[in-house]
Structure formats: C-alpha cells, structure tokens
Amino acid sequence: MAKVHNFSAGPCILPQEVFQQAAAAVINFDDLNLSILEISHRSPSFVKVMDEARELVKKLLEVPEGYTVLFLQGGASTGFLMSAYNMLSEGGTAAYVNTGTWAKKAIKEAKLLGNVNVVASSEDQNFNYIPKGFEVPSDADYLHLTSNNTIFGTQYKEFPSVDVPVICDMSSDIFSRKVNVADFDIIYAGAQKNLGPAGTTLYIVKDEILGRNERSIPSMLDFKVHADKDSMFNTPPVYPVYVSMLNMRYMLKAGGVEAMQRKANERASMLYTEIDESPLFEGVAAVEDRSQMNVTFVLTDDSKKEEFDLLWNQANVSGLKGHRSVGGYRASMYNALEVSSVEALVNAMKKLRS
Ligand SMILES: *Cc1c(COP(=O)(O)O)cnc(C)c1O
C-alpha cells in the first residue's frame, strides 16, 4: 500500500512504531497473556505505565519541582472549565486573550464562574495574528492563553510576561518546542494533537494552586482530588495513557523536544517557502505569528482549485482541507509527520505552477 501523508488537524498522525506496539498490547500486554483493554487500572503493570507516563512528561518538558502531572479525561474542552474552577475566585476576574475558536470556548466556560476580562483579541482580522503589547490588570486571578491556534494557524513565538498566574492551552503544540514550565501555573493539552490518541488530557499543575480556591469544586473538576490519587481518582483512560506513554518514549529516543523542534522548523520552513515563492498561494496568518504546527493557506486564483485538489490527492496527501471558518487549506504538521511528507505536498504545489 502506498504511504498516506497524513496532514490531519486532529486526531492525527502518530509514529508507525507506536501503532505496532500499541496493537501488540491489545492482544498481550506486559506478558500477562491479557489485553491491556481488560486489565485493572490498579494492577502493577498499569500503575507502572501511569508512573512512566508522568515521568516522561517531566523529562521531556524539564518540569521543575513543585508541579504535578495528571492524565485525565474530558479533553481540553473540560480543561477550559476545570482551569477556571480551580483558579477563578468567587467574585474575581480572569483575563483572557481571544485568539480564535478555542480561546472563545475557554472564555465561554470561565464566564459561567465569574467575570471575564478579554484583555486582547484578534477577532477584528479573523484571528490571523497574535495580539501583543496588551496590559493585564494586576488584580486578575490569572491570564489565559492558547499557545497555538489550530484553526487559524497562529502561534505565540514569545509568551507575554505578566505579573499574574498564567494558564495555557497547549493542545496543538505541546512537545513540539521548548517551553519554560515555570512560567505557567497550569498547562493543559488534549492528547490527540501531539501526544497520543484522543481520550486523555495532560495537565501540568503548580502544586501551590492545589486546593487553594475557596469555591466548592465538583470532585471530577478538582485538581487536588486527582493529584491526591495520582490520576486514579476514577478509572483513568488506560489505553490512551498507554499509547501516549509509548509515543513519549519514542520522542525521547528520537532526541526529545529539541529534536522535535528542529524537525518542526524544517517542515515549516519548507512549506512556507513554497507558499511565499509561488504566485499561486498565499499564507493566511501574519508572517511573524505563523504556526509551525498548522499552516493555513489559500489559492490566489480559485479557478485552480480542482487542479490542485487532484494533484495533492494523487500525491497521497490526506487531511488538507481548511477549517470552515477560514476556508482554503490547512496542513497540520505534528511531531510524527516526516519531512518527506512535506516534500510530497510541496512537490504537488510546485507542479501546479509548472
Ligand atoms: C483541539 C483543540 C482543543 C479541543 O480539544 P478536545 O480534546 O477536543 O476538547 C482545545 N484547544 C486547542 C488549542 C485545540 O487545538
């Protein structure tokens, strides 16, 4: 079978090696002659997996002392609510930067719990840039950011430096570049973009905030409840955690986050170069805020659409359709995407102008 170049925005590509190991564990896990799908989450074999997964996060992201790593359920969409529940005080105000669809959803959830001050927004230009130079009131409970805007193709190159705690949704660029974890009180990420399969959400939470908010928090949304039980307050998503662990082992072996970042630079510069050099394509995002993970672009001449769609389909490129709120094309290039896949796409783009 011909290789499919998977540019899907999420759930997305994972390394073949990880798929093979994951498949084997469905039949026989840890030489138990049992499937990973049928063992207890309290069995020593799985407790070991959970411990290793948490350790790998710490190693890959150089998480400093004083932080707890959790693997929970509910997706980043639950993270929107959960982070507000744990950080927004009764009567307090939270600051949000509105950089697109996901940020908006986070704002909506926080509004259920208190006052939201949208301190900056790029909605005036359909979210094609990252707002900069804004002020955050010093009495805000926190500032919420979205590090990479999956749909619009923008990404913070530098995070704003502020005096209040920072919460960041890193769903679509975690493990693709170095971050200074100490700058954040909560980092969260749905697994299915850069970490593993859908079904688990990674949280990196500063210990200081655990149990600090005086409002009453439902157990499943309370970081302290989960931290006290080592992510095993209820049945954890055993298989997604296992596959995420395998993928983190793979990333570590491949050179860790630094190697992922080099590869991301290489992929992105190859694709953006063609977008900029070709008279037939135009990037959507402001050049200085371009995402290395999700590249959004449009045709300058719509009459070429049929021809281009045929070319990339013939090249076995998959998942290139843009999100309905942006149109055009979106190439999502997560960690496991090989540079050769980007070459295949760029060759199809070159053929269009030859
Ligand atoms: C995909 C995505 C989400 C939504 O994640 P779910 O796990 O589906 O809830 C949130 N934020 C960002 C930045 C995303 O890319």
Side-chain angles (χ1 to χ4, degrees), residues 6-14 57 70-85 94 96-110 112 120-123 126-131 143-157 159 166-177 179 184 186-204 220-221 226 231 236-237 239-241 243-244 247 264 284-285 289-296 319 321-326 330-337:
N6 185 4
F7 287 83
S8 167
C12 71
I13 186 168
L14 289 171
V57 172
L70 301 168
F71 282 93
L72 306 179
Q73 303 186 49
S77 298
T78 300
F80 301 153
L81 181 62
M82 197 165 177
S83 47
Y85 246 123
Y96 279 71
V97 179
N98 182 10
T99 47
T101 311
W102 298 116
K104 260 191 187 172
K105 291 189 178 188
I107 289 167
K108 180 170 176 236
E109 299 305 303
L112 296 171
S121 168
S122 48
E123 192 160 21
N126 200 30
F127 303 111
N128 73 355
Y129 68 102
I130 297 284
L143 170 69
H144 182 282
L145 305 171
T146 313
S147 61
N148 180 72
N149 296 282
T150 325
I151 291 175
F152 299 92
T154 61
Q155 184 177 28
Y156 284 88
K157 302 293 149 165
F159 292 105
V166 179
I167 299 176
C168 193
D169 174 3
M170 295 194 185
S171 291
S172 53
D173 66 355
I174 196 150
F175 299 115
S176 73
R177 59 168 168 171
V179 285
F184 302 91
I186 301 172
I187 291 171
Y188 63 99
Q192 69 275 16
K193 309 269 164 60
N194 244 338
L195 172 57
T200 189
T201 315
L202 167 65
Y203 292 89
I204 304 170
M220 278 297 282
L221 299 178
H226 293 287
S231 292
Y239 197 55
V241 171
V243 182
S244 298
N247 191 36
V284 173
D289 302 323
R290 282 175 164 177
S291 166
Q292 299 214 307
M293 295 282 103
N294 310 95
V295 177
T296 47
K321 194 176 175 309
H323 191 272
R324 61 191 175 279
S325 52
V326 181
R330 173 173 52 164
S332 297
M333 308 193 294
Y334 297 116
N335 283 345
L337 189 80

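Numbering of ligands and ligand atoms starts at 1, following listing order.
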Anything under 30° is parallel, anything over 60° is perpendicular, the rest tilted; go ahead and classify Phe159 against Phe184. perpendicular
What orientation do Phe80 and His144 show, parallel under 30°, tilted 30 to 60°, or perpendicular over 60°? perpendicular
Pairing donors with acceptors under 3.5 angstrom, does anything connect the side chains of Ser176 and Asn335? no
Going by atom types alone, do Thr154 and Asn149 pair a side-chain donor with an acceptor below 3.5 Å? yes
In ligand 1, which numbered atoms sit nearer than 4.0 Å to a non-hydrogen atom of [X]?
X: Phe80; result: 10 (C)
X: Gly75; result: 7 (O), 9 (O)
X: Asn148; result: 13 (C)

Minimum-distance protein heavy atom relative to [atom]:
atom: atom 1 (C) of ligand 1; value: Lys193 NZ, 1.6 Å
atom: atom 8 (O) of ligand 1; value: Gln192 NE2, 3.3 Å
atom: atom 15 (O) of ligand 1; value: Thr150 OG1, 2.5 Å
atom: atom 5 (O) of ligand 1; value: Ala76 CB, 3.5 Å
atom: atom 4 (C) of ligand 1; value: Trp102 CZ3, 3.4 Å

Can an N or O of Ser77 be found at a distance shorter than 3.5 Å from an N or O of ligand 1? yes
At under 4.0 Å between heavy atoms, is it the side chain or the backbone of Thr201 that contacts ligand 1, or both, or neither? neither
Relative to ligand 1, is Tyr188 under 4.0 angstrom through side chain, backbone, both or neither, heavy atoms considered? neither
To the nearest 0.5 angstrom, please state how far the CG atom of Asn294 sits from the NE2 atom of His323. 11.0 Å
Could you grab the distance from atom OG1 of Thr99 to atom CG of Leu145, nearest 0.5 Å is fine? 8.0 Å
Is it true that, when you exclude Lys157 itself, more than 12 heavy atoms of the residues, nucleotides or ligands shown sit nearer than 6.0 Å to its NZ? yes
Heavy-atom nearest neighbour of atom 13 (C) of ligand 1 within options Asp169, Thr99, Ile151: Asp169
Between the side chain of Ser122 and the main-chain N/O of Tyr129, is any donor-acceptor distance below 3.5 Å? yes
